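Have a look at the structure below, then the notes.
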Amino acid sequence: MKVLVIGGGAREHALCRSLSLDPDVTALHCAPGNAGIAEVAELHPVDQLDGGAVARLATDLQADLVVVGPEAPLVAGVADAVRAAGIPCFGPSREAAQLEGSKAFAKDVMAGANVPTARSYVCTTAAEIDEALDAFGAPYVVKDDGLAAGKGVVVTSDLAEARAHALACDRVVIEEYLDGPEVSLFAITDGVTVLPLSPAQDFKRALDGDEGPNTGGMGAYSPLPWADPKLVDEVMGSVLQPTVDELRRRGTPFQGLLYAGLAITGRGVRVIEFNARFGDPETQVVLARLKTPLAGVLLNAANGTLDNEAPLNWRDEAAVTVVVASHNYPGTPRTGDPIEGLDEVVAQDAPHAYVLHAGTRLDGDAVVSAGGRVLSVTATGEDLTQARERAYAAVGRIRLDGSQHRTDIARKAAGE
């Protein structure tokens, strides 16, 4: 099977790594990719938002499957263009991807499917914003209605900060604060059948102790030793299957990866948000634990034959991912700094720990930073304690001037 992955972040590196280990994958391509993905896949320059260009590349490569990784190409309709060219594509249509592209659309779908979520207001004027903020009180949860690369949400007790963020958005969703731990649960679906993956938890705040600004994610771990064993079945019945059924009923079937961001509140499970693709950094730990070869599962979802897929098999090991970010992230990051120590991780920590590239590029023979979240280190172990030790040992070998990372990923879950 020839597979083309669209994207160039750590999520796509994790996907490419898993696909490269699949014996059914005979050729692996990625566009545009990054310095790390180049080690496992052939890279191709492409505008990932140009559906026609992506479809032509897939046709030229005679790809048997295209996997669209990031949200922006999905919302731009890239999956539609690939399917129109007659090539199976894993990723929702432009219309179905509005589940992530518009918070207001997602709230409407959840209302139609009777999915439990936070009470909310959709606001477009200053008066509406003030009314919503007053109705819910602190802490304030303010979400840009559109895509914002994981940084469009402000959770704050500062009314002025909340109001300023809301006024900076064309349309904004203001909702009640949901207490309790957060869980990320992915599901692969062909629009009818829903196949859940293993739950994970990510860390969105920039600093230890969940302090600092929101980010795209600074680390993750799986499994969740503290979670109710019935959690996946509960979310399948109350969230994932009803959402897929509602989108199909509306004539916009969702085929691809449905990501539910959940809060386990005192009143039960509530949906914080939906994403229309694999999440970063949770993908890194979830795929590290997946034993079932990935390509066939994604192809069955793309072809509408997911009901033929057997239950997924999982490794007993735990996995931890730690993100290494550039100086000043999540503000304007400094780029172009050389990254050293990557070979040391390969020599001393493999196969239990490995680096997945995100914001990197090649400068001659050197790998340099090219974004905010530069790379992530993923490690496995017999439990979270061992996986943490291995992840942080590998992080300690990487040298990037001015870089930052959290030191408490999975610490509490490991009982430390």
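For clarity, every value in this text was computed on a predicted model and none was experimentally measured.
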Given side-chain contact (heavy atoms from CB on, under 4.5 Å), test T243 with L99 step by step and report yes or no.
CA-CA 10 Å; T243 299; L99 200 64; 4.1 Å; yes
Does S238 form a side chain to side chain donor-acceptor pair (under 3.5 Å) with E234? I'd like the steps, not just the answer.
CA-CA 6 Å; S238 66; E234 178 185 348; 5.1 Å; no
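Atom CG of residue D145 and atom CD of residue Q98 lie 8.5 Å apart, to the nearest 0.5 angstrom. Here the straight-line distance linking atom CD1 of I6 with atom SG of C30 works out to 7.0 Å at 0.5 Å rounding. Atoms OG1 and CD1, on T59 and I87 in that order, are 3.5 Å from each other to the nearest 0.5 Å. Atom CD of E71 sits about 10.5 Å away from atom OH of Y259, to the nearest 0.5 Å. The CG atom of N214 sits 4.5 Å away from the CZ atom of R205 when rounded to the nearest 0.5 Å. Between the CG atom of D80 and the CZ atom of R83 there is a distance of 6.0 Å, given to the nearest 0.5 Å.
L231 places a side-chain heavy atom less than 4.5 Å from the side chain of V269. Side chains of L356 and Y354 form a contact here, defined as non-hydrogen atoms less than 4.5 Å apart. Counting heavy atoms from C-beta outward, V368 and T335 have side chains that stay 4.5 Å or more apart. For the pair T292/E309, a side-chain contact is recorded, criterion being any heavy-atom separation below 4.5 Å from C-beta on. Side-chain contact check for T193 versus L195: every heavy-atom pair is 4.5 Å or farther apart. Counting heavy atoms from C-beta on, the side chains of R250 and D108 come closer than 4.5 Å. No side-chain heavy atom of T380 sits under 4.5 Å from any side-chain heavy atom of R315. In this structure the side chain of E246 never reaches within 4.5 angstrom of the side chain of V115, judged on heavy atoms.
Considering V271, T117, I272, L178 as possible partners of L262, the one that fulfils the side-chain contact (heavy atoms from CB on, under 4.5 Å) test is V271. Of the options M218, R406, K204, a side-chain contact (heavy atoms from CB on, under 4.5 Å) to D210 is made by R406 and by none of the others. Each of S20, C16, P32 was evaluated against I37; a single residue qualifies, C16, per the side-chain contact (heavy atoms from CB on, under 4.5 Å) test.
Annotation: N114, atom CG; neighbour count of heavy atoms from other residues, nucleotides and ligands within 6.0 Å does not exceed 12. Within 6.0 Å of CD in Q62 there are 12 or fewer heavy atoms belonging to other residues, nucleotides or ligands. For CG of D316, the number of neighbouring non-hydrogen atoms (other residues, nucleotides, ligands) closer than 6.0 Å is 12 at most. Around atom CG of N313, more than 12 heavy atoms belonging to other residues, nucleotides or ligands sit under 6.0 Å away. In E95, the CD atom is not crowded: 12 or fewer heavy atoms of neighbouring residues, nucleotides or ligands sit closer than 6.0 Å.
Summarising the geometry of T189 relative to A301, their closest heavy-atom pair is O-CB, 3.8 Å, with the distance given to 0.1 Å. Taking every heavy atom of both residues into account, S198 and V286 meet most closely at O-CG2, 3.6 Å. What you find for D179 and A263 is that their closest heavy atoms are O-CB, 4.1 Å. For the residue pair A200 and V285, the shortest heavy atom distance occurs at CB-CG2, 4.0 Å. Contact between A394 and A353 at its shortest, heavy atoms only, is CB-CB, 4.1 Å. Nearest heavy-atom pair, P281 versus T321, reported as atom, atom and distance to 0.1 Å: CB-CG2, 4.1 Å.
One side chain, S376 or Q284, offers a donor N or O that lies under 3.5 Å from an acceptor on the other. Donor-acceptor pairing under 3.5 Å is recorded for the side chains of T407 and D208. Checking S222 against R289 by side-chain atom types alone, a donor-acceptor pair falls below 3.5 Å.
E175 has a carboxylate O that lies under 4.0 Å from a charged side-chain N of K107, or vice versa, which qualifies the two as a salt bridge. The existence of a salt bridge linking R163 and D130 is confirmed by a sub-4.0 Å separation between a basic side-chain nitrogen and an acidic carboxylate oxygen. A salt bridge links E416 to R388: at least one charged side-chain nitrogen sits closer than 4.0 Å to a carboxylate oxygen. Salt bridge status for E317 with R390: absent, with no side-chain N to carboxylate O gap under 4.0 Å.
With sequence neighbours left out, F136 forms a ring pair (Phe, Tyr, Trp, His ring centres under 6.0 Å) with Y121.
Ring-plane geometry between F203 and Y221 is classed as tilted, the angle between the planes lying from 30 to 60 degrees on a 0 to 90 degree scale.
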